Amino acid sequence: MYDLLHRPGEMRERTLSVTVPDDLGTEIIAVKAGSVLTAELRLESLHDGILVSADVSGAASGECVRCLIGLEQPVEVEIQELFAYSEDEAFDYAVQVDTIDLEPVIRDAVVLSLPFQPVCQDDCLGLCPECGVRLLDNPGHEHEAPVDPRWAALAGLEGLGGEGSTQEEDVAGTGTGTTEEKR
């Protein structure tokens, strides 16, 4: 990179493969430590510093937030960042002793590209809330409708009215007179 410093118009292209030292992401999905990220770099010398353009690719692994099965997801990120010659507040990154540190730029871009709630497929149904069966594997899965415990004591009263009688007859009496006569 030394041949690019303070030479506006110069350009170099490099391919960089990096083994990730620590997990990049969250507990749900991350580029795991030991995985390899590949960066196709283009370094351009400008008056203010070095412009780095990169296409970073790799693979993230984790689990579906709906059904908890493992998943693999490709990671592809485009980066473009200026590393300034002076440590001015206007620039986020600076050239340090004739070198540039790409690690924070790549880390931030990869972590931000990962989904907040990864799913194994868009129409994943998740797990049964009662027994934990994966609903995508068993789409007809059902349970009996739960009985509200407040009404459970009334469940045994269904057959007490006798044969042929209805609730209306029990309330109105046994058919003697009209409603007006009873008032």
Side-chain angles (χ1 to χ4, degrees), residues 1-5 10-143 146:
M1 188 180 97
Y2 185 73
D3 58 340
L4 288 177
L5 296 175
E10 292 288 321
M11 190 234 356
R12 301 288 181 267
E13 291 182 343
R14 302 276 188 261
T15 299
L16 182 65
S17 293
V18 179
T19 302
V20 178
D22 296 319
D23 287 356
L24 299 178
T26 64
E27 291 81 25
I28 297 172
I29 189 165
V31 176
K32 301 295 183 188
S35 299
V36 175
L37 287 177
T38 303
E40 298 291 330
L41 299 171
R42 181 178 178 154
L43 306 162
E44 299 175 68
S45 180
L46 304 175
H47 289 286
D48 295 337
I50 305 290
L51 178 66
V52 177
S53 302
D55 291 323
V56 180
S57 60
S61 58
E63 62 183 27
C64 175
V65 295
R66 294 183 189 159
C67 66
L68 305 177
I69 65 167
L71 59 89
E72 288 279 326
Q73 182 173 350
V75 174
E76 295 181 6
V77 185
E78 292 182 16
I79 299 169
Q80 191 167 37
E81 193 66 51
L82 178 65
F83 288 80
Y85 291 130
S86 66
E87 293 187 27
D88 188 10
E89 290 180 17
F91 300 105
D92 292 334
Y93 302 100
V95 175
Q96 300 288 330
V97 191
D98 301 336
T99 62
I100 56 175
D101 185 10
L102 292 174
E103 189 267 334
V105 177
I106 292 174
R107 182 191 64 235
D108 291 348
V110 167
V111 171
L112 290 174
S113 74
L114 296 174
F116 182 66
Q117 294 189 344
V119 291
C120 58
Q121 57 190 43
D122 290 336
D123 61 345
C124 179
L125 299 173
L127 302 175
C128 173
E130 290 187 35
C131 65
V133 169
R134 185 171 183 242
L135 296 176
L136 203 56
D137 293 338
N138 191 356
H141 180 75
E142 292 182 5
H143 292 277

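Only this structure's heavy atoms are used, side chains among them; waters, hydrogens and symmetry mates stay out. The structure presented is a predicted model; accordingly, all values stated were derived computationally and were not measured.
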Open item on the list: Could you measure the distance from the CD1 atom of Ile100 to the CG atom of Leu41? Nearest 0.5 Å is fine.
Closed with: 7.5 Å
Open item on the list: Going by ring pair (Phe, Tyr, Trp, His ring centres under 6.0 Å), name the pairs with one or both residues in residues 102-137, residues two or more places apart or in two chains.
Closed with: none
- [ ] Mind checking side chain to side chain contact (heavy atoms under 4.5 Å, CB included) for Glu130 and listing every partner two or more places apart, or none if nothing turns up?
- [x] Cys128, His143
Task: Glu78, CD atom: more than 12 neighbouring heavy atoms under 6.0 Å - done: no
Which heavy-atom pair separates [X] from [Y] by the least distance, and what is that distance?
X	Y	answer
Ile50	Ser45	CD1-CA, 4.1 Å
Asp23	Ala30	CB-CB, 4.3 Å
Ala109	Val77	CB-CG1, 3.4 Å
Val31	Val20	CG1-CG2, 3.9 Å

- [ ] Enumerate the residue pairs fulfilling salt bridge (charged side-chain N to carboxylate O under 4.0 Å, His left out) with a member in residues 101-114, sequence neighbours excluded, ordered by first and then second residue.
- [x] Glu103-Arg107
Open item on the list: Please enumerate all residues that pass salt bridge (charged side-chain N to carboxylate O under 4.0 Å, His left out) together with Asp137, with sequence neighbours excluded.
Closed with: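 Once residues adjacent in sequence are excluded, the partners of Asp137 under the salt bridge (charged side-chain N to carboxylate O under 4.0 Å, His left out) criterion are Arg134.
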TODO: List for me each residue that meets side-chain hydrogen bond (donor to acceptor under 3.5 Å, both in side chains) alongside Asp22, sequence neighbours excluded, and say none if there are none.
DONE: none
Open item on the list: In the structure I gave you, are the side-chain heavy atoms of Thr26 and Leu114 within less than 4.5 Å of one another anywhere?
Closed with: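 The answer is no, as the side chains (C-beta and beyond) never meet within the 4.5 Å cut-off.
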- [ ] Check whether any side-chain heavy atom of Leu37 lies under 4.5 Å from a side-chain heavy atom of Leu24, and answer yes or no.
- [x] yes
Task: Sequence neighbours excluded, every pair satisfying side chain to side chain donor-acceptor pair (under 3.5 Å) that has a member inside residues 30-41 - done: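 Found Thr15-Glu40.
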Would you mind writing out the side-chain donor-acceptor pairs for residues 53-76 within the sub-3.5 Å range, not counting sequence neighbours?
| from | atom 1 | to | atom 2 | distance (Å) |
| --- | --- | --- | --- | --- |
| Ser53 | OG | Gln80 | NE2 | 3.3 |
| Arg66 | NH1 | Asp122 | O | 3.2 |
| Arg66 | NH1 | Cys124 | O | 3.2 |

